[in-house]
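Lettering of chains follows the sequences in order, A, B, ..., and the numbering in each one begins at 1. Just so we're clear, the structure is a prediction, and the values are computed from it rather than from any experiment.
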Amino acid sequence: MLSVTSDIPTDLPWGQLLVNGLALGSLYALTAFGIVLIYKTTKVITFAQGETAMFSTFVAFTLLTVFQLPFTVAFILTLAFAGVFGALIERVVLRHISTTTVLNPVIVTVGLSLILLGTAGWIWGYEIRTFPAPVAGPPLRFATIVVSQLNALTFLVTLVLMTVLFAFFRFSPTGIAMRAVAENRTAAQLMGISIGRMNALGWGMGTAMGAVTGMLIAPLNYLDPSMMGDVALKAFAAAVVGGLTSLPGAVVGGLLLGIIDSVVGFEVPELRNTIAFVLIVLVLVVRPSGLLGKHEIKKV
Amino acid sequence: MQRLSRMQDRTVRRVALAVPLVVALLAVSCGSATPAATAAPATAAATTTAKPIVPGVTDTEVVVGSWGPQDGPAGAYGTIDRTLDAYFKMINDQGGINGRKIRFIYENDSYQPAKTVAAVKKLVEEDKVFALCGGLGTAHNAAVMDYLVANNVPHVWPATGTTALAVPLKKNIYAVQLNYTTEATLATQYALDTMGSKQIAVFYQNDAFGKEGLDAVQAELKKRNLPAATGVSYETADTNFSAQALKLQTSGADTVILYAVPKPGGSIIAEMGKIGYAPKLLSSSVINDPSIFQLAGPAINGMLIEAYLPPFDDTSNPKIVEYQAFMAKYAPKEQIGGFTEAGYTYGQVFIEALKRAGKELTREGFMTNLDQMQNFTGSLVPSLSYSPTDHAGVKAAYFQAAKDGKFVTVTGFITLK
Amino acid sequence: MKVRWLRTRGRAMVPYGVGLAVVVVLPALLDVVPGIAPGYILYLVSLALIYAIVAIGLGLLIGHTGQISLGHAGFFAIGAYASALLTLRLGLPFVAALLVAGALTATIGFLLGLPALRLSGPYLAVATLGFGLAIPQLVVWQGSWTGGSSGLHGLPLASLPLGAFTIVFRTDQDYYYLAAAVLVVLTIFARNVVASHTGRAFVAIRDSEIAARAMGVDLVRYKTTAFALSALYAGIAGSLYAHLLHGISPEDFTVLLSVDFLTMIVLGGLGSVGGALAGALMLTFLQNALTRLPVVHDFKNLYIVVLGAILILTIAFLPRGLAGIVRSSRLRWAARVRDGASRVDQIIELGDGGVPQ
Amino acid sequence: MARPLLAVNEVEAYYGRVCALHSVSLQVGEGSVVALLGENGAGKTTTLRVNSGLLRPTRGSVEFDGKRIDGSTPDRLVRAGIVQVPEGRQIFADLTVRENLLLGGYARRQIGSTRPEQSRVFDYFPRLGERLRQRAGTLSGGEQQMLAIGRALMARPRLLLLDEPSLGLAPLLVKEIFRVISEIRAAGTTVLLVEQNAHMALSIADHAYVLETGRVILGDRSTALRQREEVRRAYLGH
């Protein structure tokens, strides 16, 4: 039992802490992807990412338990639901919001998250439920380090999604069009790109991404309306530290926060958030647009 | 318009400055001169007139209040008030108590103390409740404790086990739940004497509840001149507990005592299982809900759980059969478990006190009868006693073991040594 | 910062007079309304007035200077804890504790304003959000003297020594007058700041930092001033809050409270001191009003949904909040009186500066 | 003139509450180059924006190929064949030259490969072909203008709206750009050109209109306009 400490000269089990941090960090990174995706296309920084993910996960839960669908089918249906749901949010709510100040989208998405929280609580209640894990089985062991299969899967999904999204933005016409919209809306319109459709697509993709995240987090953190609260805050911070428009930035930010959480959580669990945010402020003071973000030129 | 007003006399400015301050201060001093204005009349009348006007009591009705979170991260506790509501409905269906129906008003405070204070003020001053039953939360009870004492509103079974409510004695507050200090001391004694534990670690919620548990464990160890236990804490907002599991493992403890609510409790057990750390586990009654089996997974097998209410699924117990029938009829949507069991029991104790207080219902009479309650066996609590000097309620607990998705009773009721 | 004490005068004083009269007679009015409990309503009003103080301060920061903060619950907490600890542990009189709490939060606000010099938009939002999260954590961490998560309880009654007398704030009504008096003073102060050179510098920064700098506005000075001032309001309000509840715990100061503050100023109307006040009152009474609806028996968390809907609808349909309605209807009325309704639009356009008076 | 490809009829347009076009009417014949002249703020760019769908007119109508198009969105108009090269280039600086060109053909990507258009663009501007992988933001001003025009051509427009193509360019480059514009017209694309450089504009335009404070004050064949005293004084510097 004590082998972990006796093998390592310092009193910290660094290997395991790092692995735990990476696992936790990939959850943050995954959630941050959705935020980055939506910000990239619509320039709206969403505070509702956690709640849309939670809501989608509840939908998945209903499909699994009430309709008794197999996991894969429920997974795909949930993705479809989330995509449509996100697009609807854009079309019904955000399209009618003036984005002349940063504050407007912030307030509106906060409002949205409150509505989703309340509605989910009303429909499904606040009891804590378990959500089936997509993988089960004994944890993987590397010397003294243990990795659960779910953590390994999450990490893998993060890397795969990052690669897929990276390729999407680099090579597909739609992805390039989304980047164009992000850079210059007027010019993009003059290319025949429909801004409305791109915005809806950005929200749809971001929300679907959130659904994936939710379904990976729920087996670990359980399912209840507030399941994403802490994760979403950290993901938000991860997205900002990474630079808001950069997918690799979100991964770097997420993993960084995960490792901080893991190490600080081991030493002084009371100060998890405090230390994380002190570091964030330091990072931002040195690089005001995040680690991998481009400096946005302020318009006069 | 602006330019015009700028030419107005300067004195207006001075007056405008002086008026609000003077008026406000005057008003304040007047306010203090008549301190009896707000809360006093009802109670004053109650003690002097022949036929007393008791708040919340008519010939046909008695108003009872409660508060608790019905949303947010602590929203799962909302079940307690909803079960109480269902229980009072059942009593009303059976004709009420002494000719009076119960009107139960429970407020949602979202687990925020400022809202608790507002809720309690509304219940006491506007709804004029006769008594409170099952108000939830440690910080939340602390926020309204002085107010309830000052207004002499009986509060039966605050839903928290903090010792502060019973010690020192508050005349109108009847703690029922086994308090956290007694509970943790019992657990420590059992671990050391019966389970043969050599080194203990405590996983606790970093608040009054968890700290009280940790302190009691440390106190018992100190009394026996044993080394202190390693405390590993978590915050209520935390969702991931891998770091804490690792810390418990590196502490080298052979026994881990849990002072955690179901979600983190289940999660830490699962996380310890994942890293192959299998100490003896002992948990506070707070975790006692069937959901824990799902939350914790197979690693929970063998864990001992302290309890002061009988197992909610033990159908050989006639009281439990009755309880399950009630749940099926009046609260079919609620999940049977520790929370609903608690709500049901609060109701039983409250109704018993109401019955004993008789037709001429007054707060004083109600409390006098509670003070005289001796070895009451009519509730799920096997035996409950109060005295004018002791409102601590339950003092005995037993241990259950988790086995294949069920709790199996392993000891009888134990009291402190 | 030099601020002339009172700039509003003449006919513009009328709403103040009316408002003041309402403040003074409210408790008497409540006493004669049947079916409500004055003490309870006055507690809620006091709470709303205290929140309004925070909202006014936050309005100076967000509405006038354009600097977002999602962490004002942090300042509120610092004020509350400073005041509670000073009265409880050091036995300082209430007034002294209130002033020290205000000064302390102002200093911390100034310090937080320094990194804010480099950050804007979402980046600033995250930094301030982190601040708001960190404060309750630090309180719990330093539990030995802050009371940890159990909080601090049994605070002494607030009192105000006046020469030979000492006014002690015992009842809800007393406390209401105390909160109202502080609010009146701070409202007047805020309106004066807004109308002063400092206020114009704030607005210049909000409208364009680059242009403001070109005009010779010292960004370092005015941004940190805005943060310090805003924190001062939150700190004083925190002190009042601790004494209203006679106790505090970290549960009081969640991120949700910061969101509430934000909602208040958005609902009231950004850049309007009166709007912040109205927003705070509305929001505090909203949940209470909603609990009275019969539907709430089955849907106890309805207020969250309504709150969310209000946020969205306000931004969509009332971008200038409650203050916008008042302002435009006043201008409409004035225009009709003067020279017919045709010039209304133009007048509203001119009134867009965001600087009340 | 046969039925014009584009007909703008008594169009009025506002920016917020400011009236930018009072009543503008003009016609562009198929296969011609038409120039819009006028001082800053006269309403030239606004006229283009109305035609490309970026600005919705409050009164009047715009017809393209005989169909009403006012009120349509830019993306639909691009598909219909109207493509605007905006003032100040507005290329996507973060994207590569290849990606910029690809976006030019975005509206047509369903129809088929844009390869023929791409080779046509490289014929006009060989330099773009050499810089395909480069980020557009790193190009010189002239190259960026070439990219902006090339990007627009990728959509195979029937009507090309050019806004100040010579702005900020060295005289040699201006010449080259105008050479390409006449080649584009020669290949059958109609061009509506906004230009400060009246000399150059009138030298290639068949027809020109002069705008002043949101109104068309003159409209005639270029050769005729060049002779008019007021035009010579105001725009040609004689």
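Counting heavy-atom pairs closer than 4.5 Å to chain A, the top-ranked of the candidates Ser233(B), Ser291(B), Pro69(B), Pro279(B) is Ser233(B). For the set Ile128(A), Leu117(A), Leu233(A), the entry with the most heavy-atom pairs within less than 4.5 Å of chain B is Ile128(A). Here Ser148(A) is the residue among Ser148(A), Gly121(A), Ala23(A) with the most heavy-atom pairs under 4.5 Å with chain B. Among the candidates Leu295(B), Asp71(B), Ile275(B), the residue making the largest number of heavy-atom pairs closer than 4.5 Å to chain A is Leu295(B).
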Step-by-step ring pair (Phe, Tyr, Trp, His ring centres under 6.0 Å) determination, Tyr28(A) to Phe236(A)
CA-CA 8 Å; Tyr28(A) 299 157; Phe236(A) 182 64; over 10 Å; no
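If you measure heavy-atom distances from Gln294(B) to chain A, the contacts under 4.5 Å come from both the backbone and the side chain. Residue Asn206(B) touches chain A through its side chain alone, counting heavy-atom pairs closer than 4.5 Å.
Atom OG1 of residue Thr345(B) and atom CD of residue Glu341(B) lie 5.5 Å apart, to the nearest 0.5 angstrom. Taken from CG in Leu304(B) to CZ in Phe407(B), the straight-line distance is 11.0 Å, to the nearest 0.5 Å. Taken from CD1 in Ile260(A) to CG in Leu256(A), the straight-line distance is 4.5 Å, to the nearest 0.5 Å.
Between the side chain of Asn141(B) and the backbone N or O of Gly135(B) there is at least one donor-acceptor pair closer than 3.5 Å. Of the possible polar contacts, none joining the His140(B) side chain to the Gly68(B) backbone as a donor-acceptor pair under 3.5 Å is found.
By the 4.0 Å N-to-carboxylate-O rule, Glu127(A) lies close enough to Arg129(A) to be salt-bridged with it. Salt bridge annotation for Lys211(B)-Asp207(B): absent, with no cationic side-chain nitrogen under 4.0 angstrom from a carboxylate oxygen.
Looking at Gln199(B) and Asp254(B), their side chains never bring a donor and an acceptor atom within 3.5 Å of each other.
Results of the ring pair (Phe, Tyr, Trp, His ring centres under 6.0 Å) test with Tyr323(B) over Tyr87(B), Tyr330(B), Tyr344(B) single out Tyr344(B) as the only residue that passes.
Listed by sequence position, the residues of residues 46-57 of chain A in contact with chain B number zero, using a 4.5 angstrom heavy-atom cutoff. At a heavy-atom separation below 4.5 angstrom, chain B is approached by Leu220(A), Asn221(A), Tyr222(A), Asp224(A), Ser226(A) within residues 207-226 of chain A.
Note: Phe209(B) and Tyr259(B) meet the aromatic proximity criterion, with ring centroids under 6.0 Å apart.
Using the six-membered ring where Trp is involved, Phe61(A) and Phe58(A) have ring planes that are perpendicular, over 60° apart on the 30 and 60° scheme.
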